[in-house]
Amino acid sequence: MGLGVKHVVIGLSVLGLAGFWVKNRIKKLSEIVVKLIPIPSGFRNFSFKHWVLFFNMDVTIHNPTNEAFNPNGIIVTIKRLEIKDIEGKLIAKVNINKNSVNIPAKGKFILKDLAVEIDTYTNILNAANLAKIKSLDDIKVDVVISILGKEYLIPQL
């Protein structure tokens with residue numbers, strides 16, 4: 001009986017330490033994730049068909065902190081990209097669902113060739129703002145990152 005209790009105590013202690021480590025790791029990742037900066041870094045392959053504008057886009061996520069964004073076993077997913085016009089109105093969403101994202105301290109991570117579709121018909125009320133888009137500087141991107149299921153919106157500044 002004493003041996004069984006000893007195993008239970010050791011097991012619970014290990015679980016407690018693991019839970020404490022995970023909680024601290026999530027806190028640290030959460031502190032870094034809100035400081036990340038997404039910036040559109042490339043457009044190409046434009047086409048227009050049936051009122052839908054198609055193109056590929058790259059987004060570079062910069063980590064300005066002195067600590068790496070390195071999940072180390074914590075489930076972190078880049079969920080989606082929200083593309084907004086120059087006035088901040090949502091014009092498109094791109095589902096990404098990319099795991100295993102590591103961004104070094106003072107480094108960057110590039111999301112390449114994201115397939116973007118902008119339904120110009122449903123954005124007809126926003127047509128004046130869409131027409132103003134001439135370069136990467138004319139759009140804003142927000143990235144949504146999930147850490148163990150909790151979503152964080154990382155806005156482009």
Spacing of OG belonging to S41 relative to NZ belonging to K112, to within rounding of 0.5 Å: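 Atom-to-atom, S41:OG and K112:NZ are 7.5 Å apart.
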Any donor-acceptor N/O pair, K79 side chain to N97 backbone, under 3.5 Å: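 Not a single qualifying donor-acceptor pair exists.
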Approximate separation, where rounding is to 0.5 Å, of I61 CD1 and I103 CD1: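 With rounding to 0.5 Å, CD1 (I61) is 5.0 Å from CD1 (I103).
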From V59, V143, L111, residue fulfilling side chain to side chain contact (heavy atoms under 4.5 Å, CB included) relative to I96: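 The option that passes is L111.
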Pairwise distance NE2(H62) to CD1(I154) - rounded to 0.5 angstrom: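 Taking NE2 in H62 and CD1 in I154, the distance rounds to 12.5 Å.
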Partners meeting side chain to side chain donor-acceptor pair (under 3.5 Å) with N95 (sequence neighbours left out):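 N95 satisfies side chain to side chain donor-acceptor pair (under 3.5 Å) with no other residue.
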ring-ring contact (aromatic ring centres under 6.0 Å, His included) against F43, all qualifying residues, sequence neighbours excluded: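 Applying ring-ring contact (aromatic ring centres under 6.0 Å, His included) to F43 gives F46, F55.
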Under the side chain to side chain donor-acceptor pair (under 3.5 Å) test, residues paired with K84 that sit two or more places apart: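 For K84, the residues satisfying side chain to side chain donor-acceptor pair (under 3.5 Å) (neighbours in sequence not counted) are D142.
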Approximate separation, where rounding is to 0.5 Å, of K140 NZ and I83 CD1: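 One gets 13.0 Å once the value is rounded to the nearest 0.5 Å.
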Validation row: F54, I118 side chains within 4.5 angstrom (heavy atoms):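 The answer is no, as the side chains (C-beta and beyond) never meet within the 4.5 Å cut-off.
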D113: partners by side chain to side chain contact (heavy atoms under 4.5 Å, CB included), with sequence neighbours left out: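 Expected list: R44, N56, D58.
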Linked hydrophobic residues, V144 as query - side chain contacts closer than 4.5 Å: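 Other cluster members: L153.
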Shortest non-hydrogen contact from A92 toward V116: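 Heavy atoms only, the tightest pair is CB-CG1, 4.4 Å.
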side-chain contact (heavy atoms from CB on, under 4.5 Å) assessment of V76 paired with F69: CA-CA 10 Å; V76 174; F69 182 79; 3.8 Å; yes
In residues 28-40, what donor-acceptor pairs under 3.5 Å come from side-chain atoms, sequence neighbours left out?
{"from": "K28", "atom 1": "NZ", "to": "E67", "atom 2": "OE2", "distance (Å)": "3.3"}
{"from": "S30", "atom 1": "OG", "to": "I26", "atom 2": "O", "distance (Å)": "2.7"}
{"from": "S30", "atom 1": "OG", "to": "Y152", "atom 2": "OH", "distance (Å)": "2.7"}
{"from": "E31", "atom 1": "OE2", "to": "K27", "atom 2": "NZ", "distance (Å)": "3.2"}

Minimum heavy-atom distance between N102 and P104, given as atom pair plus value: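 Shortest heavy-atom separation between N102 and P104 comes out as O-CD, 3.9 Å.
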For T77, all residues meeting side chain to side chain donor-acceptor pair (under 3.5 Å), sequence neighbours excluded: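 T77 satisfies side chain to side chain donor-acceptor pair (under 3.5 Å) with N99 once adjacent residues are dropped.
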Which residues share a side chain to side chain donor-acceptor pair (under 3.5 Å) with E82, sequence neighbours left out: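 Checked E82 against side chain to side chain donor-acceptor pair (under 3.5 Å); matches are R80.
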Co-membership, hydrophobic cluster, residues F48 and V94, 4.5 Å side-chain: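 Result: yes, single cluster for both.
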